[in-house]
Amino acid sequence: MAQVRTRFSPSPTGALHLGGAHTALFNWLFARHYKGVFILRIEDTDVERSQEHFVEEIKESLLWLGLDWDEGPYFQSERLQLYQEYTHKLVQVGAAYYCDCDPEDLEERRQRALARGDKPRYEGRCRERGLGPGPQRAVRFKTPQTGITGWQDQIKGPIEFENHELDDLVLMRADGIPTYNLAVVVDDITMGVSHIIRGDDHISNTPRQLLVYQALEAKPPLLGHMPLMLGKDRTKLSKRHGALPVLAYRARGILPHSLNNYLARLGWSHGDQEIFSREELIQYFSLDHVGKAPGIHDDEKLLWLNSHYLKTGDDHELARQLVPFLASLGIDSPDPEYLAGVVATLKTRSKTLVEMADAARFYVQDPRPYEPEGAKKFLTPDTGPILQDAVRALENQADLSEAALTGMLKDLAAQAGVKLVAVAQPLRVALTGRTASPSLTDVMALLGKDESLSRLSQALDYINQSRHEVLSNT
RNA sequence: GUCCCCAUCGUCUAGCCUGGUCCAGGACACCGGCCUUUCACGCCGGCGACACCGGUUCAAAUCCGGUUGGGGACGCCA
């Protein structure tokens with residue numbers, strides 16, 4: 001295969017969301033697999049809606065996902081001259097013509113046709129008028145009205161359209177800015193794009209673009225239309241389906257590779273494999289295992305992948321990634337070594353970094369106020385003696401290893417003649433403020449002897465205090 | 001409405017091209033059990049699908065046709 005050159009070409013009219021990330025990923029994977037080039041191109045010909053800050057957000061999103069580009073970003077708004085040249089060429093060879101139809105009038109006709117149940121299309125009023133350039137004049141493509149335009153889609157297989165289904169699309173607006181259909185073609189030709197991989201919502205544009213290639217006597221790239229991602233309601237994924245911008249997933253505490261792995265497996269597969277490293281994704285990716293049917297976005301599966309990567313990730317690396325999440329809870333990042341230890345105890349219990357940060361609170365903050373239910377149930381006059389015994393035992397405990405602490409807990413239970421759980425829960429609430437937490441042996445080891453002892457006496461104070469409150473209330 | 005695309009468990013999917021090895025495999029979710037100092041993790045098990053009709057064939061999830069259903073596109077948006 002000649003050099004592979006793919007591109008991702010978002011329009012900066014909104015944030016990069018899941019659907020965009022999906023196509024970006026497939027293009028990137030394809031380019032990386034074939035050791036080709038991945039191009040970023042910003043399609044900002046919609047002057048009205050394009051915004052600079054969206055460009056930044058798109059770049060940031062791609063970088064966060066690790067989808068680095070080799071060329072670009074190119075901006076269509078900086079290539080207007082080029083589109084003009086191509087437009088003139090098309091007019092010269094008789095493949096395009098000037099049109100002065102009133103856009104509002106056209107819009108009205110379109111609405112009427114739709115209401116009537118007809119296929120709305122430009123009737124070709126200016127097609128044979130031989131108009132020259134002038135103000136308020138757009139350039140339309142003279143679509144052949146006979147014959148068939150088709151291609152071998154790299155994902156869907158053969159697709160064909162009858163040319164008479166197509167109308168004369170606008171290539172160049174009256175204001176001299178090209179439309180999408182012209183700009184893509186010119187760009188893909190001049191940038192030497194070898195493979196266009198895009199959503200299948202572009203299928204109906206494809207015959208038009210192919211016809212433009214023909215008129216330009218240019219060889220079109222290979223085309224692959226990937227199935228769309230649908231929302232739970234099975235319609236095209238859009239803003240109204242929830243937290244969709246890629247950066248929203250970052251904010252939720254999703255790891256970038258979790259999202260990549262998730263997105264890769266939506267519409268693509270490699271046998272029964274679910275978990276892929278970045279390298280494996282590159283190694284295995286190809287268009288022949290991209291499916292044709294649309295997929296529905298499933299947050300649960302994403303969360304599962306994320307918890308998998310949390311579980312299997314490196315403690316220090318995860319600790320580093322956890323820092324901003326702690327910060328947003330108002331917690332200064334503790335010593336990296338200590339935080340890695342904290343992470344080690346939390347990684348199997350968290351689905352996101354947000355959850356992990358929240359679960360980490362008690363390690364670096366006062367466990368009070370205690371979880372009300374837990375305090376009510378486990379920090380009572382009945383459990384006071386157990387806590388007192390625990391204080392004594394811990395004071396004499398020199399070895400804070402897992403085995404030693406487990407032994408200590410078991411001895412405590414044996415001496416009190418109760419089950420281990422009866423000792424563990426009061427201690428847990430005293431130390432962590434909660435009824436659910438990592439293993440107590442881990443907690444005590446990390447907190448250290450002094451801090452643990454101080455939390456136990458805090459809890460004893462709490463018990464005494466509430467007893468007095470009860471007494472004074474009665 | 002017209003054109004185009006699609007159709008395997010609730011969801012993501014393997015298998016389909018090169019029919020038999022599939023009374024359809026994996027994963028998420030869900031349910032049950034085990035493990036257990038709590039919560040999780042983990043482990044074991046369970047539930048659960050070839051949209052429908054016809055054709056081709058000794059044989060069809062796999063090939064063909066139709067029906068139904070879903071989606072997408074019909075902009076001087078991309």
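Reminder, nothing fancy here: chain letters follow the sequence lines and each chain counts from 1. Bear in mind the structure is a predicted one, so any value in this text is a computation, not a measurement.
A:Pro103 comes within 4.0 angstrom of a nucleotide base, judged by non-hydrogen atoms across all strands. At a threshold of 4.0 angstrom between heavy atoms, the contacts of A:Gly267 are confined to the sugar-phosphate backbone, with no base atom among them. Here A:Thr179 lies in heavy-atom contact (under 4.0 Å) with sugar-phosphate atoms only. Looking at heavy-atom distances under 4.0 Å, A:Leu440 makes contact with a base. Here A:Glu160 lies in heavy-atom contact (under 4.0 Å) with sugar-phosphate atoms only. Here A:Ala293 lies in heavy-atom contact (under 4.0 Å) with sugar-phosphate atoms only. Residue A:Tyr262 is classed as having no contact, given no heavy-atom separation below 4.0 Å to the nucleic acid. Counting non-hydrogen atoms under 4.0 angstrom, A:Pro438 reaches a base of the nucleic acid.
Partners of A:Asp167 by side-chain contact (heavy atoms from CB on, under 4.5 Å), not counting sequence neighbours, listed by chain and number: A:Arg121, A:Tyr122, A:Arg208.
Rounded to whole Å, atom P of B:rC39 lies 9 Å from atom CZ of A:Arg428. Remark: P of B:rG71 and CG of A:Leu230 are 8 Å apart, rounded to the nearest angstrom. Note: CZ (A:Arg121) to P (B:rC4) measures 14 Å, nearest angstrom. Atom CG of A:Leu171 is separated from atom C1' of B:rG75 by 14 Å (rounded to the nearest Å). Between the CD1 atom of A:Ile159 and the P atom of B:rC5 there is a distance of 6 Å, rounded to whole Å. We find that OH of A:Tyr180 is positioned 12 Å from C1' of B:rA73, with the value rounded to whole Å.
Using P as the reference atom, B:rG65 and B:rC47 are 37 Å apart when rounded to the nearest Å. Separation of the P atoms belonging to B:rU57 and B:rA51 is 23 Å when rounded to the nearest angstrom. Taking the C1' atom of each, B:rG71 and B:rA27 are spaced 25 Å apart, rounded to whole Å. Comparing B:rG66 with B:rC30, their C1' atoms are spaced 38 Å from each other, to the whole Å. Going from the P atom of B:rC31 to that of B:rC41 covers 12 Å, rounded to whole Å. Taking atom C1' in both B:rC16 and B:rG20, one finds a spacing of 14 Å when rounded to whole Å.
Side-chain atoms of A:Asp46 lie closest to B:rA78 of the nucleotides B:rC76, B:rA78, B:rU37. Nearest to the side-chain atoms of A:Ser11 among the listed nucleotides B:rC76, B:rA78, B:rC4 stands B:rA78. Checked against B:rC74, B:rG42, B:rG72, the side chain of A:Asp201 finds its nearest nucleotide in B:rG72. Distance from the side chain of A:Thr235 is smallest to B:rG71 among B:rC74, B:rC5, B:rG71. Between B:rU37, B:rU11, B:rC76, one nucleotide has an atom nearer to the side chain of A:Ser439 than all others, and that is B:rU37. When each of B:rC4, B:rC6, B:rC76 is scored by its nearest atom to the side-chain atoms of A:Leu106, the top-ranked nucleotide is B:rC76.
Within the structure, every pair that satisfies the ring pair (Phe, Tyr, Trp, His ring centres under 6.0 Å) test and touches residues 136-187 of chain A, not counting sequence neighbours, is listed here: A:Trp151-A:His225, A:Tyr180-A:His202.
Taking the side chain as every heavy atom from C-beta outward, A:Glu373 and A:Lys377 never approach each other to under 4.5 Å. In this structure, A:Glu317 and A:Leu322 have side chains that are not in contact, with every pair of non-hydrogen atoms separated by 4.5 Å or more. A 4.5 Å side-chain heavy-atom check between A:Val193 and A:Thr6 finds every atom pair outside the cut-off. Contact annotation: the side chain of A:Pro207 approaches that of A:Leu166 to within less than 4.5 Å [non-hydrogen atoms, C-beta and beyond].
One can find a donor-acceptor pair under 3.5 Å joining the base of B:rA78 and the side-chain atoms of A:Asn205. For B:rG25, its base sits under 3.5 Å from the side chain of A:Asp272 at one donor and acceptor pair at least. For B:rU38, the base has no donor-acceptor partner in the side chain of A:Thr435 [N/O atoms by modelled type, under 3.5 angstrom]. Checked by distance alone, A:Arg349 brings no side-chain donor or acceptor within 3.5 Å of a matching partner on the base of B:rC41. Taking 3.5 Å as the limit, the base of B:rG26 and the side chain of A:Gln273 contain no donor-acceptor pair of atoms between them.
Across all strands shown, B:rC6 is found opposite B:rG69 as a Watson-Crick or G-U wobble partner, with both distances under 3.5 Å. Using Watson-Crick or G-U wobble geometry with both donor-acceptor distances under 3.5 Å, B:rG1 finds its partner in B:rC74. Using Watson-Crick or G-U wobble geometry with both donor-acceptor distances under 3.5 Å, B:rC34 finds its partner in B:rG42. As the counterpart of B:rG48, no nucleotide is assigned, since no Watson-Crick or G-U wobble pattern has both distances under 3.5 Å.
Between A:Arg434 and A:Asp358 there is a salt bridge, with a side-chain nitrogen of the basic residue lying less than 4.0 Å from a carboxylate oxygen of the acidic one.
A:Lys236 has a side-chain polar atom (N or O) that falls below the 4.0 Å cut-off from OP1 or OP2 of B:rA73. Look at A:Arg234 and you'll find a side-chain N or O under 4.0 angstrom from OP1 or OP2 of B:rU11. Side-chain N/O atoms of A:Arg265 include none lying less than 4.0 angstrom from OP1 or OP2 on B:rA14. Neither OP1 nor OP2 of B:rC12 sits under 4.0 Å from any side-chain N or O of A:Lys301. In this structure, A:Ser9 does not reach the B:rA78 phosphate: none of its side-chain N or O atoms is under 4.0 Å from OP1 or OP2. Of the side-chain N and O atoms in A:Lys347, none sit less than 4.0 angstrom from OP1 or OP2 of B:rA40.
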Full working for side chain to side chain donor-acceptor pair (under 3.5 Å) between A:Tyr249 and A:Ser258
CA-CA 10 Å; A:Tyr249 288 90; A:Ser258 307; over 6 Å; no
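Annotated as anti: B:rC52, whose O4'-C1'-N torsion sits more than 90° from 0.
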